[in-house]
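The structure appears below as structure tokens.
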There are 2 protein chains.
Amino acid sequence: MARQRTTTGKVRLTEVAKLAGVSPITASRFFRNPEALSAGKRERVESAARELGYVPDLAARALASQRTEVIGVLIPSLTNNVFSDVLRGIYDALQGSRYSIQLVNTRYSFLQEEKLLRLFQAQRPAGLVVTGINQTPDSRLVMEAMNCPIVQIMEIGPDPVDMMVGFSHNKAAFSAVSHLLARNYRRIGFLGARMDPRVQRRLEGYRDAMKAAGLYDPRLIITTPVPTSVSMGGMLFADLLTLVPDMDAVFCVNDDIALGVLFECQRRQISVPDDMAIVGFNDLEFMAAAVPPLTSVRTNRYEMGRNAISMVMAAIDGERPEAPVIDLGFQLMVRGSSSPRPA
Amino acid sequence: MARQRTTTGKVRLTEVAKLAGVSPITASRFFRNPEALSAGKRERVESAARELGYVPDLAARALASQRTEVIGVLIPSLTNNVFSDVLRGIYDALQGSRYSIQLVNTRYSFLQEEKLLRLFQAQRPAGLVVTGINQTPDSRLVMEAMNCPIVQIMEIGPDPVDMMVGFSHNKAAFSAVSHLLARNYRRIGFLGARMDPRVQRRLEGYRDAMKAAGLYDPRLIITTPVPTSVSMGGMLFADLLTLVPDMDAVFCVNDDIALGVLFECQRRQISVPDDMAIVGFNDLEFMAAAVPPLTSVRTNRYEMGRNAISMVMAAIDGERPEAPVIDLGFQLMVRGSSSPRPA
DNA sequence: CAATCGCATGGTAGCGCTGTCAATAATCGT
DNA sequence: ACGATTATTGACAGCGCTACCATGCGATTG
């Protein structure tokens, strides 16, 4: 015996098996598939495990079985409260299951995403949740090679790697802008910050709606690559209003910007919605509480997270959904900030 | 050979070692302590690893070394944007290090926390970050037995399990209320939701300040156990104002509630700060953008997350901080919502 | 009643990596 | 120049668990 490692003070499966009077492999089975044991042994193993306070060693299990019970989640940002809702759904769906989450932050970088995917590949997760549908070709290859259920979340598209749960940002924006048009707003500005792929698609939806109405004017669009914030909303609005003094409404790519616009209007004594209508995106909780209440597009972020994890867990158990792509849709929450305007 | 497992298509350390012409153990050392190798072998192993696209198997490493490179993080809520800032700091501090985060949600339940701590104990994390200082006695025992650096965050207290980084919620609230008193506000209400331990301490700070001024009146306090929200702020304010019509200021336990109060004031044509001063807590970004700008207590949440991880990583390397408890303090951000009031 | 089947259980041999210690090569002091 | 010290390297075994196969047993069947 050339080796004398520090004995880990930890209870092993072997000890549980010995106390229960069964072989280690039977004890092992108890934890993975209790139904395979006879009732008597099942009880014996269970009470032995409880008595010794046995907790399985996940590393050993992962090494021996070449599987883990970890679901990898790739999120582009932790700042954005949109993702905190998704995360809440993810963690809620996880409750009581045997899976755990490995959360990583891509920081809106496709290269970072690719790197993190490769890292996950080496650790054999049981499943994967990735944000968006714009992965690099290399990232797609890695995912396709990964032999585990994968759900793309936040938006939907024609070519899922595996499964998808989200909604059409284009349609949602189109619907919001159409609502303003239907209420006789004509010079509708677009305010955008941190133009990630989903925000880009909202811009496309805005363009489509304005073009369809024959009211498209590129001067109505203002965007910035910097991250979004309430104060940024106020600044973008102020800048755009200087360039387009006859603007009568704004569509904001998110609610922070919409709130910033509301505050800027209050500051300048611009009446909302009489002088300026405001529509936001995501329908964060404060939108309904604002004065006036702010119209927004409700997106089902919590459900997206929940569904994504449910789909992954079901797929691990071999239960694939009928349709690989789930459209969770959106609801336009019409409120006082976009009341009908006299024609 | 009774066994014929499905061969994993994966590159192992042995292959790297063979290609580099060294023993597996030398290749292993390359990844953990490259300086221990001679320059020649180091380069050979490095290029062999790159050529084969070697990625270490973390489960095997964890099993063999009885260590992991995972830092466990226990957070009570994912909804609260306070914690998203902390998380951002945590993930930023992690960048480029070899550690990864295992994030779990205690849902403000001490029992859940205890359960999760036991789970972590079995997985031998390299370090631990836990929220708050009110763990159960059993949780403390588990942590003390854990033989890894532990940082308690969000607040500070006299008896750290290991290390702490936070600030005094009591002092911060005391300072905010004292500010209102100094500006001649007299009937200062307290609005609280989800009364977790830290919010309780803010209430204590409020009480201390009001009592010191001889202005304490329990009727000025309204709280609810339900989670916080902007609309809840409006409701609490409306309720309290009915009970205490001569209230001239409110101290809100967080900024969501403060924003709800501002909106409710706008709805009721109550002028801020002339008829009602507002002070919030945390200084979220929108506070400065509101109309009028809202006074708040800035808390260094991002830095808390960052420092916690830095301290854990330093402690793992044996570099313990001089003082185990770091007070990150707070700053009262005085703005228009609490302008001096004529006496 | 023998042959067959399915079920519960056990034996054996690793999963891929690293701790321990020994062996060798290189460097140093006197 | 020689033994002593230090820097490199390697051999071996095993971390705790599970995949694979074999076994024994009672139930089923023609």
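A note on names: the letters A, B, ... follow the listed sequences, proteins ahead of strands, and every chain is numbered from 1.
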Q: Just say parallel, tilted or perpendicular for the rings of A/F31 and A/Y54, cut-offs at 30° and 60°.
A: tilted
**Q.** N/O (side chain, B/T26) to phosphate O (OP1/OP2, D/dT9) under 4.0 Å
**A.** no
Q: Remember a base hit wins even if backbone is also touched, and classify B/F30 as base, sugar-phosphate or nothing at under 4.0 Å, heavy atoms.
A: nothing
(Q) Would you say B/S28 places a side-chain N or O within less than 4.0 Å of OP1 or OP2 belonging to C/dT18? (A) yes
Q) Between B/N33 (CG) and C/dG19 (C1'), how many Å, whole number? A) 14 Å
Q) If each of B/A60 and B/I25 is mapped to the nucleotide of DNA chain D with the nearest heavy atom, which maps nearer the 5' terminus, i.e. the 5' end? A) B/I25
Q: Could you tell me whether A/E15 and A/R12 make a salt bridge, using a distance below 4.0 angstrom between a side-chain N and a carboxylate O?
A: yes
Q. Hey, is A/E303 close enough to A/R306 for a salt bridge, meaning N to O under 4.0 Å?
A. no
(Q) Please classify the nucleic acid contact of B/Y54 as base, sugar-phosphate, or nothing, using heavy-atom distances under 4.0 Å. (A) sugar-phosphate
Q. Atom CG of B/L37 to atom C1' of C/dA25: distance rounded to whole Å?
A. 15 Å
(Q) Of the listed nucleotides (C/dC17, D/dG10, D/dG16), which one gets closest to any side-chain atom of B/S23? (A) D/dG10
**Q.** Protein-nucleotide distance (A/Q123, atom CD; C/dG16, atom C1'), rounded to Å
**A.** 12 Å
Q: Could you check whether A/A59 gets within reach of a base, just the sugar-phosphate, or nothing at all, counting any heavy atom under 4.0 Å?
A: nothing
**Q.** Distance in angstrom units between B/L63 CG and C/dT18 C1', rounded
**A.** 10 Å
Q. Looking at D/dT9, C/dC15, C/dC17, which one has an atom nearest to any side-chain atom of B/L13?
A. C/dC17
Q. Looking only at N and O atoms, is any donor in the side chain of B/R29 or the base of D/dG10 less than 3.5 Å from an acceptor on the other one?
A. yes
Q | Of A/R32, A/R124, A/R98, the residue whose pairing with A/E69 passes salt bridge (charged side-chain N to carboxylate O under 4.0 Å, His left out) | A | A/R98
**Q.** Proximity to the side chain of A/R67 - top-ranked nucleotide from C/dG10, C/dT9, D/dA19
**A.** D/dA19
Q) When you check the phosphate oxygens OP1 and OP2 of C/dG16, does a side-chain N or O of A/Q66 lie under 4.0 Å from one of them? A) yes
Q: Let me know the distance between CG of B/D57 and C1' of C/dG14, rounded to the nearest Å.
A: 14 Å
Q: In plain terms, say whether A/R42 and A/E46 are close enough for a salt bridge, that is, a side-chain N and a carboxylate O under 4.0 Å apart.
A: no
Q: Figure out the NZ/P separation between A/K41 and D/dG24, and round it to whole Å.
A: 15 Å
(Q) Heavy atoms from C-beta onward define the side chain here; which of D/dA19, D/dG14, D/dC17 lies closest to that of A/A64? (A) D/dC17
(Q) Using whole Å, what does the distance between atom P of nucleotide C/dC17 and atom CG of B/L58 come to? (A) 10 Å
**Q.** Spacing between A/R12 atom CZ and D/dG14 atom P, to the nearest angstrom
**A.** 12 Å
